[in-house]
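Here the structure is laid out as structure tokens; the discussion comes afterwards.
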There are 2 protein chains.
Amino acid sequence: MPDAPKTIKDVAAKAGVSIAAVSKVLHGSGTTVRVGTQTAERIQKAAKDLNYRPNRHARSLRLNRSYTVGLIFHGIDNLSKQLFKVHVLDGVHDAVIPAGYDVILLHDLSRGPGYSQFVDGDRFDGLIWARLSSFEQFSGIVQQVKSPMVALSTPSRPGLPLVPKLCCNNRQGMDLLIDHLWKLGHRQYAYLTESYLAEMMEPMDREEGFCEAVGRRGGDFEIVRFNDAASEVYRWMEQGRYPGAVIGWNEDTAGYVLESALKLGIQVPNEISVAGFDSTWYCDTTSPRLTSVRQPILQMATDAAAILLALIEGEAAPVLERSYPCTLDCRESTAEVNPRFI
Amino acid sequence: MPDAPKTIKDVAAKAGVSIAAVSKVLHGSGTTVRVGTQTAERIQKAAKDLNYRPNRHARSLRLNRSYTVGLIFHGIDNLSKQLFKVHVLDGVHDAVIPAGYDVILLHDLSRGPGYSQFVDGDRFDGLIWARLSSFEQFSGIVQQVKSPMVALSTPSRPGLPLVPKLCCNNRQGMDLLIDHLWKLGHRQYAYLTESYLAEMMEPMDREEGFCEAVGRRGGDFEIVRFNDAASEVYRWMEQGRYPGAVIGWNEDTAGYVLESALKLGIQVPNEISVAGFDSTWYCDTTSPRLTSVRQPILQMATDAAAILLALIEGEAAPVLERSYPCTLDCRESTAEVNPRFI
DNA sequence: CTGAAAGCGCTTACAG
DNA sequence: CTGAAAGCGCTTACAG
């Protein structure tokens with residue numbers, strides 16, 4: 001720990017000017033303080049010589065800006081097992097770091113002690129809220145949060161607060177998948193989901209999309225809702241009441257099906273077809289490789305961050321809602337229906 | 001955006017006391033301001049009624065604390081493909097969030113414009129630096145950085161700065177692996193690494209550990225150094241000059257070998273054995289499942305964070321260096337040597 | 001073109 | 001037991 005950090009005073013002293021001039025030259029935007037070219041140069045040099053960097057907290061206090069963006073998920077424990085979230089983090093980082101902002105990852109404590117920590121105006125200049133839960137939660141948040149926010153992976157719905165919303169087109173994605181399976185002859189489907197998702201808007205859309213896509217074609221389907229898919233899928237598979245096509249609400253859930261099938265000696269895709277949603281690289285590592293609907297996660301995250309930045313800078317929201325088409329990555333876990341399921 | 005944020009003044013006014021009293025009651029630690037019980041209660045109540053939360057920047061400026069911890073890796077692009085780093089992030093989060101600190105992920109720009117952003121005393125209360133590069137870099141950083149730091153995944157070496165260092169025992173881990181392979185009859189080994197790792201201390205240890213473990217037993221080995229393993233491993237495999245046992249410096253690199261083998265029709269583990277290092281869940285998703293040395297990543301990260309927190313709080317460093325034993329996860333990618341390699 | 005001064009919201013010796 | 005005041009390092013009207 002060499003010397004005390006340099007302050008604006010040190011620079012002013014060294015350059016023989018007032019601290020106002022220094023401030024103006026180094027960051028000034030307004031037209032309030034005018035400085036001559038030579039003076040400016042002298043100040044620049046002094047700052048450089050002293051290796052001066054302005055105190056972050058002082059600026060923040062004065063300007064009421066934190067240069068920090070919050071990224072909020074429902075859960076952030078065990079991120080390593082949730083590639084979707086890590087991808088979002090990657091995308092947000094990409095967009096936000098070059099602009100000089102930090103990003104802080106937060107847990108969505110909505111069911112807990114309230115939103116206080118997000119609401120604090122001084123902590124974040126803006127918030128990216130991923131996968132908003134209920135209608136009520138959304139409205140509650142918007143009412144309380146003081147800084148700009150954008151909702152990621154949150155579908156648009158009539159009556160929702162006027163916050164920018166970005167979401168992949170879950171219905172279209174599901175339709176793509178069902179179309180694929182239907183052509184392979186599948187008429188019986190199961191959709192595996194978890195109970196905590198019941199009121200989240202994107203998972204709801206996805207589930208409804210599934211029901212519609214199968215229903216419209218005249219197929220049979222059931223919704224299987226687990227409290228903890230990781231530990232319960234195996235037992236469900238073991239009971240043997242699965243249909244010929246099993247779809248996980250996301251790729252992780254579909255992964256549990258694959259693992260269980262392997263343990264139980266159920267052949268995928270010969271006996272049953274399995275598919276998921278998201279299509280990160282995880283789907284390339286399963287055996288068999290997992291067929292999955294793909295959403296453009298990285299793009300969505302980057303866009304969300306860019307929009308948030310614009311809002312922070314005071315621009316009007318460029319878009320209020322954006323829907324991203326999904327594509328289908330056909331891998332190895334889906335095939336023609338086994339005759340036994342017809 | 002309802003009303004302006006409440007300040008300490010509002011609370012003082014409502015409670016009919018001075019702001020000094022409020023400050024003391026809400027956060028005061030020293031014995032400087034004494035407050036009566038009833039006054040204290042009145043202040044507490046006022047603060048609660050107003051839903052007061054102190055301004056973060058003002059406190060930070062005054063106390064010269066940021067309540068933020070920096071986590072620095074060599075690269076943070078594409079985190080989703082680097083589970084090791086995500087695990088570290090998970091561990092640091094676990095330890096640091098409950099203590100009221102934020103964590104910010106940073107790119108190690110050591111080869112770039114200097115450490116200025118880390119050096120700024122006001123930005124972080126402490127730094128966790130993962131996988132420090134060269135000896136020189138380490139010393140340079142320590143000289144400049146003003147806040148406490150701990151070095152993660154950095155082995156201890158004579159002459160290194162007196163910063164707490166946590167590292168898995170790479171040599172012991174490698175020995176475990178080679179022992180396993182040796183017993184399976186393997187006498188010829190390749191170690192795949194990347195050139196940017198050449199001066200990082202942990203990768204160096206790991207590589208040396210490999211050389212020693214094989215050398216001591218009298219085996220043959222070669223070091224294969226890629227610029228970009230992701231794109232170059234396949235070609236190397238294609239040339240067919242691989243030995244019977246191929247070890248990646250980490251699990252990702254070993255994963256490339258597995259993928260390449262699959263494409264080239266090389267049977268693992270019948271024709272060659274493949275192994276890696278780290279042993280995250282990734283190793284359970286490859287086919288065949290990847291044998292790997294395991295390091296207790298989460299524990300190490302949690303410990304690093306706890307030590308850093310202690311340093312920040314002004315305690316003396318509880319340990320200066322800690323070495324964590326590795327274990328071996330034998331999965332499916334290693335087997336008896338193919339006679340052709342004898 | 002330039003500087004003196006107020007103030008962002010807090011904490012902490014200091015004086016009563 | 002309590003409060004007035006200084007000051008953390010900045011920025012920005014305001015006056016010259």
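Just so it is clear: chains get the letters A, B, ... in the order the sequence lines come, proteins before strands, and each one is counted from 1. Fair warning: this is a prediction, and the values are worked out from it, not measured in the lab.
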Find the distance A:N64:CG to C:dG7:C1' and express it as a whole number of Å. 13 Å
In this structure, CG of B:L89 is separated from CG of B:L79 (nearest 0.5 Å) by 7.0 Å
Residue B:S23, side-chain heavy atoms: nucleotide from D:dA4, C:dT11, D:dT12 that is nearest: C:dT11
When you check the side-chain N and O atoms of B:D90 and A:S80, is any donor under 3.5 Å from an acceptor? yes
Measure from NZ or CZ of B:R65 to the centre of the six-membered ring of B:Y101, then state whether that distance is under 6.0 Å and the direction lies within 45° of the axis. no
B:D125 and B:S66: side chain donor to acceptor below 3.5 Å: yes
Step by step, would you call B:D303 with B:Q299 a side-chain hydrogen bond (donor to acceptor under 3.5 Å, both in side chains)? CA-CA 6 Å; B:D303 287 355; B:Q299 184 67 47; 2.9 Å; yes
Please list, in numerical order, the residues of residues 7-16 of chain B that have a heavy atom closer than 4.0 Å to any atom of DNA chain C. B:T7, B:I8
Just so I know, are the side chains of A:L311 and A:P164 near enough to count as touching, which here means a heavy-atom distance under 4.5 Å? yes
5' priority, DNA chain D, between B:L61 and A:V22 [closest heavy atom]: B:L61
Separation between CG (B:L132) and CG (B:L152), nearest 0.5 Å, reads 9.5 Å
Starting at atom CZ of B:R65, determine the distance to atom P of C:dC10, rounded to an integer number of angstrom. 18 Å
Can you check the B:H57 NE2 to D:dT11 P distance for me, whole Å? 14 Å
Interatomic distance, A:R42 CZ vs C:dC1 P [rounded to whole Å]: 14 Å
Of the options C:dC8, C:dG9, C:dT11, whose atoms approach the side-chain atoms of A:R62 most closely? C:dC8
Considering only D:dG9, C:dG3, C:dT2, which nucleotide approaches the side chain of A:A58 most closely? D:dG9
Give, for atom CE of B:M201 and atom NZ of B:K165, the distance between the pair rounded to the nearest 0.5 Å. 8.0 Å
When Watson-Crick pairs (N1 to N3 and N6-O4 or O6-N4) and G-U wobble pairs (N1-O2 and O6-N3) count only below 3.5 Å on both distances, what is the dot-bracket string of DNA chain D, with | for other-strand pairs? |||.||||||||.|||
Please determine, by modelled atom types, if A:D102 and A:T68 share a side-chain donor-acceptor pair under 3.5 angstrom. no
In whole angstrom, give the distance that lies between atom NZ of A:K24 and atom P of C:dA4. 18 Å
Rounded to whole Å, please give me the gap between CD1 in B:I19 and P in D:dG7. 15 Å
Base, sugar-phosphate, or nothing for B:S60, non-hydrogen atoms under 4.0 angstrom? nothing
Picking from C:dC8, D:dC10, D:dC8, the nucleotide nearest the side-chain atoms of A:Y52 would be D:dC10
Interatomic distance, B:H87 atom NE2 to B:L298 atom CG [nearest 0.5 angstrom]: 6.5 Å
What does B:L63 touch in the nucleic acid at a heavy-atom separation under 4.0 angstrom: a base, only the sugar-phosphate, or nothing? sugar-phosphate
Over how many whole Å does the gap from A:N55 atom CG to D:dC8 atom C1' extend? 8 Å
Using atom CG of B:D122 as one end and atom P of D:dC8 as the other, report the distance to the nearest whole Å. 15 Å
